[in-house]
Participant: 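Handing you this structure, nothing more for now.
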2 protein chains.
Amino acid sequence: MSLNNTDRRIRRTKQMIRDALTELMEDVGFDAITVRDLTEKADINRGTFYLHYKDKFDLLEQCEREVLDELAQVQGHVEGLQLENFYEHFNRGEPLPFIVKLFEYLKENGAFMRVILGPKGDPLFQVKLKEMLAEHLLKHMVKKARIEMAVPFDYFKAYVISAHLGVIQEWLFSGMKESPKEIAMTAFKLTFLGPRRAAGLISDEQNEKTSP
Amino acid sequence: MSLNNTDRRIRRTKQMIRDALTELMEDVGFDAITVRDLTEKADINRGTFYLHYKDKFDLLEQCEREVLDELAQVQGHVEGLQLENFYEHFNRGEPLPFIVKLFEYLKENGAFMRVILGPKGDPLFQVKLKEMLAEHLLKHMVKKARIEMAVPFDYFKAYVISAHLGVIQEWLFSGMKESPKEIAMTAFKLTFLGPRRAAGLISDEQNEKTSP
DNA sequence: TTCATTATTGAACAGACTGTTGATTAGTTG
DNA sequence: CAACTAATCAACAGTCTGTTCAATAATGAA
């Protein structure tokens, strides 16, 4: 069976290539990378690359898939930790466990995540990550029936999910100073209270008229 | 002077190339495009391409810069239309004029904007667009002094700006069904009321406790 | 219209990268 | 140790790049 990943040589080679990919993407961006660059930086024969990957796009795709799979697994580990609803979590001052786990994972894989979600990254990965976020976030938020004068649901969804991605990016690129729990709580407040209340631009009591 | 863009041949050639770029990006993505592809689709000599652009990246950059410059000009045309503040606009049921103009411009250049902001697009352009959005959006929102237990400003900023980009993308990719004014109002509501209130997931009166 | 200017063309060039092959060497598992 | 198989090295044709040159065509100004 050649499908087994048990051979130390294979693991080593793949790791070298992936590390090289991360480094090179940081430096010059994915576009400018050649298979030659990758194998030179990884210090392996160029032919060896093609033993494992079809081309550089295949390499990127495999790396991305791995990240997404691992993120999906994370979700499995927090099923038990969820309270009944969104609201209850907030009132205890606790962020959603899933989001905390998400930020913990991002921190572990900081180097790759920074590159792939950065200005030289892959917009397709952003789309995939947003799909995953949507799946796990929205089920906590949409328990109650909807009322009057509502914004279309798809735009609510796009708004919230994109906003969360924005927080993730800001966190990654500003050096991940806050703990996963803190930053998860920040994201939570922004959505739960709305950005203006969360940022303290209006107080809780001082209700602006919302008539029209 | 060869810097003049008055020569009809130059204008024609550049336009052919740019159209080819948009079409090809839609089909195969920027990565997979060669200068050969571009010039064949544009039906011009390959050497001619290099008379105007350094390489395909230079082409993309020039196209992006042009869009951003035009968007910046749009801002100039609405200076007079702004009310004193954010709050007043909302209470009249009117979105910010700048955002309306933004969506109008996006609609005019729909084809290119869809590609560049899509899964095969350019993440660097997203960053630049967000910078522009930040500049024009935030000055309307941050009039009042900030209060207690606030989320860090940078995260508020990242949240709101990213969220707006999300609405833009959702609108572009779902066929731009709403009018620029409608969709601008949708984005406005989501930020002004907060996403949950805007989507009707909680009512205005029914204030959830926000104690912790 | 004429004329000087200049954008475009077509062909050719070396250089680089790709993806594949075959024979050989080296490392791994049991 | 022995069988297996991953990694290496060299070489291949094919494609794309970026540049150059002389020849041609289109343009704007007088």
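Per chain, numbering begins at 1; letters A, B, ... match sequence-line order.
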Participant: Are B:D27 and B:K41 close enough, and set up right, to give a side chain to side chain contact (heavy atoms under 4.5 Å, CB included), and what steps lead you there?
Facilitator: CA-CA 12 Å; B:D27 293 346; B:K41 174 144 271 180; 4.2 Å; yes
Participant: Ignoring hydrogens and angles, tell me if any N or O in the side chain of A:K157 forms a donor-acceptor pair with the backbone of A:L138 under 3.5 Å.
Facilitator: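 Checking the backbone N and O of A:L138 against the side chain of A:K157, no donor-acceptor pair under 3.5 Å is found.
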Participant: Between A:Y159 and A:F156, is the gap from one ring center to the other below 6.0 Å?
Facilitator: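 No.
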Participant: Counting C-beta onward and ignoring hydrogens, is there a side-chain heavy-atom pair between A:M113 and A:M176 closer than 4.5 Å?
Facilitator: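 A side-chain contact is absent here, since even the closest heavy-atom pair is not under 4.5 Å.
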Participant: Within the structure provided, determine whether B:D154 and A:S174 are in side-chain contact (heavy-atom separation under 4.5 Å).
Facilitator: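 A side-chain contact is absent here, since even the closest heavy-atom pair is not under 4.5 Å.
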Participant: What is the bend of the helix from C:dT1-D:dA30 to C:dA12-D:dT19 when you compare the axis at one end with the axis at the other, using five pairs each and rounding to 10°?
Facilitator: 30°
Participant: Taking only nitrogen or oxygen atoms into account, show me every contact under 3.5 Å that the protein makes with nucleotides 27-30 of chain C, one pair per line with its distance.
Facilitator:
residue : atom : partner : partner atom : Å
C:dG27  : N2   : A:R9    : NH2          : 3.4
C:dG27  : N3   : A:R9    : NH1          : 3.2
C:dT28  : OP1  : A:R8    : NH1          : 3.3
C:dT29  : OP1  : A:T6    : O            : 3.4

Participant: I'd like to know if A:E88 pairs up with A:R92 as an ion pair, taking the criterion as any Lys NZ or Arg NE/NH1/NH2 lying under 4.0 Å from an Asp or Glu carboxylate oxygen.
Facilitator: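 So A:E88 pairs with A:R92 through a salt bridge.
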Participant: Supply the atom-to-atom distance A:F98 CZ to A:Q75 CD, rounded to the nearest 0.5 angstrom.
Facilitator: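 A:F98 CZ to A:Q75 CD: 5.5 Å, rounded to 0.5 Å.
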Participant: Nearest whole angstrom, please: distance from the C1' of D:dA6 to the CZ of A:R12.
Facilitator: 11 Å
Participant: So for the helix from C:dA14-D:dT17 to C:dG30-D:dC1, with five pairs setting each end axis, what is the inter-axis angle to 10°?
Facilitator: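 Between the first-five-pair axis and the last-five-pair axis there is 30°.
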Participant: Taking salt bridge (charged side-chain N to carboxylate O under 4.0 Å, His left out) as the definition, give me every residue that meets it alongside A:K128, ordered by chain and number, with sequence neighbours left out.
Facilitator: A:E64
Participant: With sequence neighbours excluded, what pairs up with B:K181 under the salt bridge (charged side-chain N to carboxylate O under 4.0 Å, His left out) test?
Facilitator: B:E94
Participant: Do B:E61 and B:K54 meet the salt-bridge criterion of a basic N to acidic O distance under 4.0 Å?
Facilitator: no
Participant: Counting only heavy atoms and a strict 4.0 angstrom limit, can you tell me which residues of residues 35-56 of chain A come near DNA chain C?
Facilitator: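 Heavy-atom cutoff 4.0 Å gives A:V35, A:R36, A:R46, A:Y50, A:D55.
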Participant: Rounded to the nearest 0.5 Å, what separates atom OH in B:Y53 from atom OG1 in B:T13?
Facilitator: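 So the OH of B:Y53 and the OG1 of B:T13 are separated by 9.0 Å.
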Participant: Could you walk me through whether A:K14 and A:E66 pass salt bridge (charged side-chain N to carboxylate O under 4.0 Å, His left out), step by step?
Facilitator: CA-CA 13 Å; A:K14 285 194 166 184; A:E66 193 166 299; over 6 Å; no
